[in-house]
Undergrad: 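Quick one: structure below, then a few questions.
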Amino acid sequence: MMNRIAGKNIVMGMTGGIACYKAVDLISRLKKAGAEVDVILTEAAQEFITPLTVQTMAKSPCHVDMFKPIDSFNPEHISLAKKADLIVIAPATANVIGKIANGIADDFLTTVLMASRSKILIAPAMNTYMYTNPIFQENLKKLESLNYELIKPETGLLACGDEGVGKLEEPAKIMEYIDYLLTEKDLDGKKVVVTAGPTEESIDPVRFITNKSSGKMGYEIAREAKARGAETILISGKTNLDAPVGVHRVNVQTTVEMLNAIEEYFDSCDLLIKAAAPADYRVQNTSDKKIKKTDENLNITLVENPDIAKHFGEKKGNRFIIGFAAETDSFIENAKKKIEKKNLNFIVLNDVTKEGAGFNADTNIVTIINMLGEEKKFPKMSKREVAKVILDEYLLELKK
Ligand SMILES: Cc1cc2nc3c(=O)[nH]c(=O)nc-3n(C[C@H](O)[C@H](O)[C@H](O)COP(=O)(O)O)c2cc1C
């Protein structure tokens, strides 16, 4: 994850539920991302987790008692409330949500919340019957209408043995939400379509032709665009990746399906980023039965797929289009030709022969080339950082 969390002051409230054990992982992730973390435990939370564990993970004293402050000169509930860039309550019990919704401030955590002007992110966790209780649901709705940020719990087997909604969202997803909340919304009002991953072209019902694209680059672009406030549509071939939080994902299989899916969103979009690796060819005659093995060679005729980049380049209008080129030779020349031929605003070139670049890696090494042939080379970066650079470059080009 790229680091907008580093150096931020996160105040984390933990309340009395089994999921406290899972929330310790969230503290660990926040620390690894470079945040300052102050944790407040309710009395009930201390039945599930000890202040010792929490403060060792947070590397700062754990707050448990309003009337025994650590710094005796300042009322701590006020100083913590003022210091927070963001307050996260994970896990949040039905009880604490009921208290917040009704203006109760009878312990350290709820008093800090009452005094706070920062964003508050609440991650509930509880038994399904508690979660679906109409009183609890009314409280949640009230918080939603008052602009509290809520992370819905997951559905699954709960610690109490019941099955249903109520599991604390995974710490990795909560981190993504925190990243979203801490990111400046400089793409607010923009609609961004991102394509990602490989496409598959069937040979028969069990075999297909595909390529080595992992989809990681496109997914990171979609994550970054969403975090910066864009309405983001991710058109994705088959990958092992979860859709980034808040991104609308459309799953496709073939290149033709990918083209048709883009078509649906193209007219209303501001920016199309083509990070997918759609297959250039498809099988001419797909067999509807599994092809049997024989002692003969098997010849398969491939026919050309429509050229997605060219198709949308031709009907570009005032939209902005960014392409990718994964080249293995004649990099710059090929990239420049592609910009012209496909009517792109700029192209992101990666040399897939370099270690740490291209398919499957978590990092990439890119050069951005614009319509005027100007080149900007970037060092090896995480794919999320590359995503940031691409969207920064988009905003810069818009201002020209
Ligand atoms: C074993 C056990 C597990 C509990 N798990 C939860 C839970 O996951 N969610 C919840 O809302 N309450 C849970 N409770 C109930 C809360 O601990 C109780 O409502 C408490 O008053 C919450 O206090 P707090 O909100 O100040 O932390 C659990 C209680 C016990 C004994």
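Whatever order the structure lists ligands and atoms in, that order sets their numbers, starting from 1.
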Undergrad: Taking atom types as modelled, is there a side-chain donor on E385 or N364 under 3.5 Å from an acceptor on the other?
TA: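 No pair is found: no donor N or O on one side chain lies under 3.5 Å from an acceptor on the other.
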Undergrad: Under 3.5 Å, which donor-acceptor pairs do the side chains of residues 25-33 form with other protein atoms, sequence neighbours left out?
TA:
unit_1 : atom_1 : unit_2 : atom_2 : d
D25    : OD2    : R29    : NE     : 3.2
K31    : NZ     : A35    : O      : 3.2
K31    : NZ     : A58    : O      : 3.4

Undergrad: Please name all residues satisfying side-chain hydrogen bond (donor to acceptor under 3.5 Å, both in side chains) with K338, sequence neighbours left out, ordered by chain then number.
TA: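 Partners of K338 by the side-chain hydrogen bond (donor to acceptor under 3.5 Å, both in side chains) criterion come out as none, since no residue qualifies.
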Undergrad: Using the benzene-type ring in the case of Trp, are the ring centres of F346 and F320 under 6.0 Å apart?
TA: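 Between F346 and F320, the centre distance is under 6.0 Å.
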Undergrad: Can you confirm whether the side chains of Y219 and R249 place a donor and an acceptor under 3.5 Å from each other?
TA: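 Their side chains do contain a donor-acceptor pair, which is all the 3.5 Å distance test asks for.
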Undergrad: Between the protein and ligand 1, are there any N or O atom pairs that come within less than 3.5 Å of each other, and if so, what are their names and distances?
TA:
unit_1   : atom_1 : unit_2 : atom_2 : d
ligand 1 : 8 (O)  : A125   : O      : 3.4
ligand 1 : 9 (N)  : A125   : O      : 2.9
ligand 1 : 11 (O) : A94    : N      : 2.8
ligand 1 : 14 (N) : G16    : O      : 3.4
ligand 1 : 17 (O) : G16    : O      : 2.7
ligand 1 : 23 (O) : N95    : ND2    : 3.4
ligand 1 : 25 (O) : T93    : OG1    : 2.6
ligand 1 : 25 (O) : N95    : ND2    : 3.0
ligand 1 : 26 (O) : N95    : ND2    : 3.4
ligand 1 : 27 (O) : G16    : N      : 2.7
ligand 1 : 27 (O) : T42    : OG1    : 2.7

Undergrad: Which residue pairs pass the ring pair (Phe, Tyr, Trp, His ring centres under 6.0 Å) test with at least one member in residues 115-174, sequence neighbours excluded?
TA: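 Residue pairs with at least one partner in residues 115-174: Y131-F136.
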